[in-house]
4 protein chains.
Amino acid sequence: MTRNKLKEAAMRLFGEKGYDGTALSEIAKEVGVKTPAIYAFYENKEDLFMTVFREAMDAYNSYVQELSEGREKLGVRESLYGILNRQYEFYRECPEASKIVLRYMVFPPSFLKDTIEEAFLHSDQLLTKLVGAWMVRGMEEGVIREQKVQPLVDSFLNVMDGLSIQYFYYSSKEVYERKLNHVFETFWNGVRS
Amino acid sequence: MTRNKLKEAAMRLFGEKGYDGTALSEIAKEVGVKTPAIYAFYENKEDLFMTVFREAMDAYNSYVQELSEGREKLGVRESLYGILNRQYEFYRECPEASKIVLRYMVFPPSFLKDTIEEAFLHSDQLLTKLVGAWMVRGMEEGVIREQKVQPLVDSFLNVMDGLSIQYFYYSSKEVYERKLNHVFETFWNGVRS
Amino acid sequence: MTRNKLKEAAMRLFGEKGYDGTALSEIAKEVGVKTPAIYAFYENKEDLFMTVFREAMDAYNSYVQELSEGREKLGVRESLYGILNRQYEFYRECPEASKIVLRYMVFPPSFLKDTIEEAFLHSDQLLTKLVGAWMVRGMEEGVIREQKVQPLVDSFLNVMDGLSIQYFYYSSKEVYERKLNHVFETFWNGVRS
Amino acid sequence: MTRNKLKEAAMRLFGEKGYDGTALSEIAKEVGVKTPAIYAFYENKEDLFMTVFREAMDAYNSYVQELSEGREKLGVRESLYGILNRQYEFYRECPEASKIVLRYMVFPPSFLKDTIEEAFLHSDQLLTKLVGAWMVRGMEEGVIREQKVQPLVDSFLNVMDGLSIQYFYYSSKEVYERKLNHVFETFWNGVRS
DNA sequence: AATGAATGAGACTTCATTCAT
DNA sequence: TATGAATGAAGTCTCATTCAT
């Protein structure tokens, strides 16, 4: 119980204020417990952070994973748009986890650089493979103009990254949704037959 | 002299390890000076940080500003591509400043949130206006398909944001340049007549 | 059962790392039990320590006591040598207890100073009386040169103390046994008729 | 100034209550300074301890060293007795240093075991050589009975070790001096021609 | 008899900051 | 301009101890 509340408080605070900017005492206070209680559940601050980080990554990967499931009946266009939408959903449903993922992907605390890079490599490959498959299928179905796969994947992933920044930068729902649509429209225009 | 060396060291360290992750003593040591010397030039840590941040923003804005100058003779396509290239140049030439800009745009230390948001609003507007102008011109010249300006601008800025993440995430020059080209190609395909 | 295992682990650890240098958690872990379990058997750290210390002292005193028993048939020289040997035996057979005895005889934790001094006074008197008796008998039998008893006792006890340091300082069996013999030989030479 | 007062306070406290039993705050308070001030002069607790320990060892070694100087005109008996006396002087003049030396020779804090053993090896060899030389000279002069050197050295060093324990165990001057004389008398009786 | 959860006290240490020099 | 000395505040972490279970 407390263990989980600690994890959640930590997730929120590490995401919002960063590793160095978050004191264990804040996390404890949020849960209504004194600081040393944390050590009953986690070895130390690093351990708590890594637990939180791993959970955030797992949540993110789950979302990514899901993308590949049960979409066979959908058209390619809808599926790609669905990916962006799913990402958006993830941001809204797990704002804490997604903040963690974005923050530490770009700015890992130096002492965890390696561990973190490895974690990202994994989900990156997953996503690359998935998006690639859709592009191939799009070309096979003739809805995407015949071309190499790499440029298509690069472009799509770049769209995703761009949107992730936009999401955290502009807090407005309306603005984000407008951008999401505009951006996808342009992308699709750029690749369709 | 020392004032400047301090600013530079601070820029690098704040960019790399963040505000909370950087101790004044590290900055001082890097310059070969003892910590209290910092107070001869800056009021306190916040002041030093804000100085550094403002300088980084200024450098960024200068680059952005330059984009609008002396490019009248170039075609629209070349100009837009040029913007991405210029951004890339900025990253390479001022890696410290650009790291600062990216980091604190997305993750401002809470106590500076307002100041920082204001700063970004400014450069955002600048960029929006600039890109918008090129899009309009592109349509006037007939190289960009007739449509509303907003989607064009949204898409292009998203491309820029995406690339900025890519730059800091993948450290390899080759990979980045490949992506830059792929991404622009797709974008251009999506908007050209 | 657990009570005893705790006592033994405590004896070893208190002897090796001292009172302040030993955490209850270490003692518990050694026994395969959680820290609070200790409180089922001992009131607190001090109580556990005192129990351990008393046991060590008792073991030491038993050895000393034994020295006076059943040695009537032996000669004085053999008996005195036997005392040193018995001490040596004690060190080897109860290394933990003897470490405790030595450590806290010389360096009592301040809060137990009085209790400990009292304990030592007792065994000191025991030993003094015992060694004194042998010296007297030695003189009666004519194997020890006629003189006052005090110098004889002082010298012999000093030999014992010296050897105790040597034992813990040099860990090698051979070196210790060599020293034991050399030291006794010189002592005996110094007192015999 | 403060640096030195800290060292002295630390020497006294580490000697009296041990490494783990002494809090930096106590040392600071003794000097009339707040705890963090210590870090202006010493890297950390270990550093302060090692500094203190090294100083104590140096003081001890100086005393030992002196023993070999300017005693050529004295007889062997007087010189050996002088060594014991010198040791006694050291204990009285530098009670803190000597307490440190004795305590950590027999009970080194585990994390410094190696460093400390090395330090003792050095002074041990010094003393062995010195005492050995006197024994040889005693035999040459005919005042010491002809025999191997090792037993003589072993016995004498054992006398010294025994006295060191006695010194710290019995705090009384009279008792110690009585013992010192008795013990030396017996020793000399045991080795003289 | 034993443990999980929790805590108060306090340890070591870092850091931003001040001040006299 | 620069530093050595010092400190208050705070941070991470350990430890002995308690209590409900």
Side-chain angles (χ1 to χ4, degrees), chain A residues 1-3 5-6 19-29 31-49, chain B residues 1-3 5-6 19-29 31-49, chain C residues 1-3 5-6 19-29 31-49, chain D residues 1-3 5-6 19-29 31-49:
Chain A
M1 204 62 252
T2 301
R3 169 184 232 102
K5 287 202 277 180
L6 282 169
Y19 181 80
D20 294 303
T22 304
L24 290 183
S25 57
E26 294 178 78
I27 298 173
K29 177 173 277 178
V31 176
V33 112
K34 298 292 192 287
T35 312
I38 294 178
Y39 290 84
F41 305 99
Y42 302 93
E43 268 188 30
N44 49 32
K45 195 182 179 184
E46 251 183 67
D47 180 31
L48 173 55
F49 175 76
Chain B
M1 201 64 252
T2 300
R3 168 184 232 99
K5 288 203 278 183
L6 282 169
Y19 181 79
D20 294 303
T22 303
L24 289 185
S25 59
E26 292 179 81
I27 297 173
K29 177 176 274 177
V31 176
V33 105
K34 295 296 191 293
T35 313
I38 294 178
Y39 290 83
F41 305 101
Y42 303 93
E43 263 187 37
N44 51 32
K45 194 182 182 184
E46 249 181 72
D47 179 30
L48 172 55
F49 176 76
Chain C
M1 200 64 252
T2 300
R3 168 184 232 99
K5 289 202 278 181
L6 281 170
Y19 181 79
D20 294 303
T22 304
L24 290 185
S25 59
E26 292 179 80
I27 298 172
K29 177 176 275 178
V31 176
V33 107
K34 295 296 191 292
T35 312
I38 295 178
Y39 290 84
F41 305 101
Y42 302 94
E43 262 187 37
N44 51 31
K45 195 182 180 183
E46 250 183 70
D47 179 30
L48 173 55
F49 176 76
Chain D
M1 203 63 253
T2 301
R3 168 182 232 103
K5 288 202 277 181
L6 282 169
Y19 181 80
D20 293 304
T22 304
L24 290 184
S25 58
E26 294 179 77
I27 298 174
K29 178 174 276 177
V31 176
V33 111
K34 297 293 190 287
T35 312
I38 295 178
Y39 290 85
F41 306 99
Y42 302 94
E43 266 189 31
N44 50 33
K45 195 182 180 184
E46 252 183 67
D47 180 30
L48 173 55
F49 175 76

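Every chain is numbered from 1, with letters handed out A, B, ... down the list of sequences.
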Polar atom pairs between nucleotides 1-4 of chain F and protein, under 3.5 Å, N or O only, would you list them?
residue : atom : partner  : partner atom : Å
dA2(F)  : OP1  : Thr2(B)  : OG1          : 3.2
dT3(F)  : OP2  : Lys34(B) : N            : 2.9

field: Interatomic spacing from CG in Leu6(B) to CE in Met1(B) - rounded to 0.5 Å
entry: 10.5 Å
message: Can you give me the closest heavy-atom contact between Gly21(D) and Glu26(D), atom names plus distance?
response: O-OE2, 3.5 Å
- prompt: Say you draw a straight line from OH of Tyr39(A) to CG of Asp47(A); how long is it, rounded to the nearest 0.5 Å?
  reply: 10.0 Å
- request: Would you kindly give the CD-to-P distance between Glu46(A) and dG11(F), to the nearest whole Å?
  value: 18 Å
query: Of all heavy-atom pairs between Tyr42(B) and Arg3(B), which one has the smallest distance, and what is that distance?
result: OH-O, 3.0 Å
message: Could you tell me how far apart Leu48(D) (CG) and dT13(E) (P) are, to the nearest whole angstrom?
response: 10 Å
field: Comparing Tyr39(C) and Thr22(A) on DNA chain F - which has the more 5′ nearest nucleotide
entry: Thr22(A)
- prompt: At their closest point, which heavy atom of Ile38(B) faces which heavy atom of Leu24(B), and how far apart are they?
  reply: CD1-O, 3.6 Å
message: Could you work out, with side-chain hydrogen bond (donor to acceptor under 3.5 Å, both in side chains) as the rule, every residue matching Glu46(B), not counting sequence neighbours?
response: none
- prompt: Taking atom P of dA10(F) as reference, at what distance in whole Å does atom NZ of Lys29(A) sit?
  reply: 10 Å
message: What is the distance, to the nearest angstrom, from the CG atom on Asp20(A) to the C1' atom on dT12(F)?
response: 13 Å
field: Distance in angstrom units between Leu6(B) CG and dA16(E) C1', rounded
entry: 15 Å
Between dT14(F) (P) and Lys45(A) (NZ): distance, integer Å: 15 Å
query: Can you check the Met1(D) CE to dA6(F) C1' distance for me, whole Å?
result: 16 Å
statement: Here DNA chain F, pairs taken as Watson-Crick or G-U under 3.5 Å and shown with ( ), [ ] when crossing and | when to another strand, reads .||||||||||||||||||||
- prompt: What is the distance from NZ of Lys5(A) to P of dA5(E), rounded to the nearest Å?
  reply: 13 Å
- request: Mark yes or no for whether Lys45(D), through its side chain, and Tyr19(D), through its backbone, hold a donor-acceptor pair below 3.5 Å.
  value: yes
